[in-house]
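In what follows, a structure is listed as structure tokens, so that the remarks can point back to it.
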Amino acid sequence: MKKVYSSIALAAAICGSASAAVVETANVQASQLVSNEIQAVTTLTPIEKTDDMYKEAASAKDVQGVYMWNWYGRTQDTSGLQSTGISIFIDGTDVTIMGFFDMAPITGTFNPSTGVIRIPTQPILYTGDGGQQIQLFTQELIVADGKITGEKNLPYIEFEYLPEGAKNQAGQTVLVGGWYTNPLNQFNFNIESNLGGKRGYGWSYGLEFHNTLEVYNISNFVYNEDEWTDCGNATLEDGWFKALDGQGFPAYNVNCKKNKENNSEILLMNPYGVDSPYAKNGPKAGINWNSAPSTPGFIVLDIANPDCVFVRPFTNSGFNIKHVYGFRENETSTTVSYPTDGYFYCTSAEGYKYYVEGWTAEDIIDEAEIYGDPLPSLQNKVVTLPNCRVMGPEEGYLFAAQWLSSDSRPIPMESKITLPDAVFAGVDGIINDADAAVKRYFNLQGVEIANPEAGQVVIVKEGNKATKAIF
């Protein structure tokens with residue numbers, strides 16, 4: 001089996017010391033506009049919403065999260081259809097979107113009564129080569145005979161949330177649970193003196209935000225209190241964010257819940273909330289690592305197979321990266337004036353493979369055994385997750401990413417979660433003791449053998465243990 005690395009791609013480097021953990025902005029290079037040919041953007045017809053569905057679907061809790069942003073670029077490097085992961089965060093009527101441009105936060109407003117996000121023209125960051133201010137200009141393209149002949153400045157662009165999706169010209173339903181705007185609307189990332197010319201930092205039009213369910217067949221996790229029953233406290237030895245200070249914190253208690261319909265689905269409630277050490281310690285006095293600990297956050301486990309426990313992707317951990325990443329206001333400022341107000345989503349390498357890439361549990365186990373990789377397991381009520389990963393807003397990545405040290409080396413991300421007894425009450429099919437597991441046999445190529453021959457060298461798999469032996 002070929003080993004696939006796409007689910008363990010690396011995130012941006014951070015430094016081991018807290019004082020060096022603030023990004024002061026990348027030196028963004030200008031691009032050249034090379035094409036005025038209008039691409040094959042499609043005008044959609046939004047499906048009429050029912051009142052009951054729309055009121056619930058347009059709530060801030062349900063519409064915020066991770067989306068895939070589809071757009072058409074106009075530079076040589078971005079020509080044609082492009083896709084970028086973005087994160088939408090809503091606080092009342094205030095909106096922050098990460099992933100449009102480098103790590104700069106884009107702000108706007110949300111109207112829950114109409115399900116509309118409004119994004120105005122705004123400053124975002126400076127170039128780093130003289131203090132010129134890059135702005136997001138909202139525009140509408142002027143098109144004639146299939147060519148873009150000009151750009152009309154707009155005060156803002158509005159995106160409509162489509163709980164029922166829209167019909168394209170072929171009559172197909174698309175963009176269910178996504179956001180739609182006039183396909184000739186454009187984001188122009190530029191400095192003011194470049195407007196109307198061919199030099200700038202990016203031109204994007206045909207803007208659509210697609211729900212992860214449509215793209216990856218798994219939706220953003222939304223917590224519904226009625227679906228869960230309380231199990232007491234679990235103990236979390238965290239590895240997802242240990243890299244921030246290089247030390248981490250001792251194990252601490254986190255409220256634990258079990259899904260009423262699926263007893264093998266376990267939820268950690270507010271793992272980085274007000275009672276966690278991440279809300280009481282930080283890079284310097286008066287600043288916590290998690291700058292918004294009162295925001296609800298979650299980690300969701302599937303422990304149905306104790307040999308391979310999964311962590312659900314697209315689940316907001318509630319860990320806010322403000323004070324960790326940010327941008328200076330100008331070339332000479334020494335403080336971060338534009339902190340990136342975004343959240344990380346917790347998953348694992350195996351969870352990403354299972355939920356997003358469509359691997360089976362058996363394939364994941366087989367690959368790990370062949371290459372000698374550690375597996376996420378449940379034994380004696382302790383879940384060990386050796387390959388924790390994060391998903392976040394940095395440059396729009398939606399894959400399962402690993403922290404890097406300042407010298408670009410992967411930082412181990414292992415978590416251990418001790419589950420309370422109440423998790424296992426009334427649960428069938430979960431083996432919590434490797435000694436009770438059935439033995440399985442594999443040849444040295446990783447192929448399972450039903451009836452090994454005497455004298456054959458095999459890999460013996462028993463619960464969470466794998467050993468090589470002569471049968």
Side-chain angles (χ1 to χ4, degrees), residues 1-10 216-218 239 258-259 261-266 300-313 347-389 399-400 402 410 412-419 423-471:
M1 181 183 296
K2 181 181 179 181
K3 192 167 187 180
V4 178
Y5 289 93
S6 61
S7 65
I8 53 174
L10 303 181
Y216 299 107
N217 203 33
I218 178 173
K258 179 170 61 176
N259 192 304
E261 296 294 327
N262 178 5
N263 284 333
S264 66
E265 191 171 58
I266 308 301
V300 179
L301 311 173
D302 184 342
I303 61 172
N305 186 339
D307 296 337
C308 194
V309 174
F310 298 120
V311 184
R312 190 186 192 281
T347 185
S348 63
E350 298 81 10
Y352 188 88
K353 288 179 180 179
Y354 180 75
Y355 289 101
V356 177
E357 296 184 341
W359 289 49
T360 66
E362 290 74 18
D363 285 342
I364 295 172
I365 292 172
D366 289 347
E367 184 197 49
E369 290 174 349
I370 291 171
Y371 290 98
D373 295 335
L375 278 165
S377 61
L378 167 63
Q379 187 172 6
N380 299 324
K381 301 175 185 176
V382 178
V383 175
T384 301
L385 303 169
N387 301 306
C388 294
R389 299 291 184 263
F399 46 79
Q402 186 173 4
M413 295 170 62
E414 178 176 292
S415 292
K416 290 188 177 181
I417 303 167
T418 303
L419 300 174
V423 164
F424 304 97
V427 177
D428 296 325
I430 296 177
I431 301 171
N432 196 41
D433 186 349
D435 295 335
V438 176
K439 289 184 178 180
R440 299 167 61 199
Y441 303 96
F442 300 82
N443 64 21
L444 298 183
Q445 287 72 46
V447 178
E448 187 166 5
I449 307 169
N451 299 298
E453 298 178 359
Q456 184 176 4
V457 179
V458 295
I459 297 171
V460 183
K461 185 80 169 60
E462 187 174 9
N464 303 315
K465 299 177 182 178
T467 56
K468 185 189 292 184
I470 298 176
F471 187 76

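Considering only residues two or more places apart in sequence or on other chains, Tyr355 meets the ring-ring contact (aromatic ring centres under 6.0 Å, His included) condition with none of them. Thr418 is linked by a side chain to side chain donor-acceptor pair (under 3.5 Å) to nothing, counting only residues two or more places apart in sequence or in another chain. By the side chain to side chain contact (heavy atoms under 4.5 Å, CB included) test, Pro412 pairs with no residue at all, sequence neighbours left out.
Going from atom CD of Glu350 over to atom CH2 of Trp359 covers 10.0 Å, rounded to the nearest 0.5 Å. In this structure, CD1 on Ile303 lies 11.5 Å from NZ on Lys381, to the nearest 0.5 angstrom. Taking SG from Cys308 and CD1 from Ile364, the interatomic distance works out to 5.0 Å, rounded to the nearest 0.5 Å. Atom CG in Asn305 sits 10.5 Å away from atom OG1 in Thr360 (nearest 0.5 Å). Atom CG in Asn387 sits 7.5 Å away from atom OG in Ser348 (nearest 0.5 Å).
Counting heavy atoms from C-beta outward, Leu378 and Leu301 have side chains that stay 4.5 Å or more apart.
In plain terms, the two heavy atoms of Pro452 and Ile449 that are nearest each other are N-CG2, 3.7 Å. When every heavy atom of Pro410 is checked against every heavy atom of Gln402, the shortest pair comes out as CB-NE2, 3.6 Å. Annotation for Gly351 and Pro313: closest pair O-CD, 4.1 Å, computed over non-hydrogen atoms.
Phe310 CZ: more than 12 foreign heavy atoms inside a 6.0 Å radius.
Formation of a donor-acceptor pair under 3.5 Å by the Asn380 side chain with backbone atoms of Val382 is not found in this model. In this structure a side-chain-to-backbone donor-acceptor pair under 3.5 Å is present from Thr347 to Val311.
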Original post:
Are Ile266 and Lys258 close enough, and set up right, to give a side chain to side chain contact (heavy atoms under 4.5 Å, CB included), and what steps lead you there?
Top reply: CA-CA 5 Å; Ile266 308 301; Lys258 179 170 61 176; 4.0 Å; yes

Subject >> CA sep, side-chain torsions, deciding dist, call: Asp307, Leu375, side chain to side chain contact (heavy atoms under 4.5 Å, CB included) >> reply: CA-CA 7 Å; Asp307 296 337; Leu375 278 165; 5.7 Å; no

**OP:** Go through the steps for Asp302 and Arg312 under the test side chain to side chain contact (heavy atoms under 4.5 Å, CB included), then give the verdict.
**Re:** CA-CA 8 Å; Asp302 184 342; Arg312 190 186 192 281; over 6 Å; no

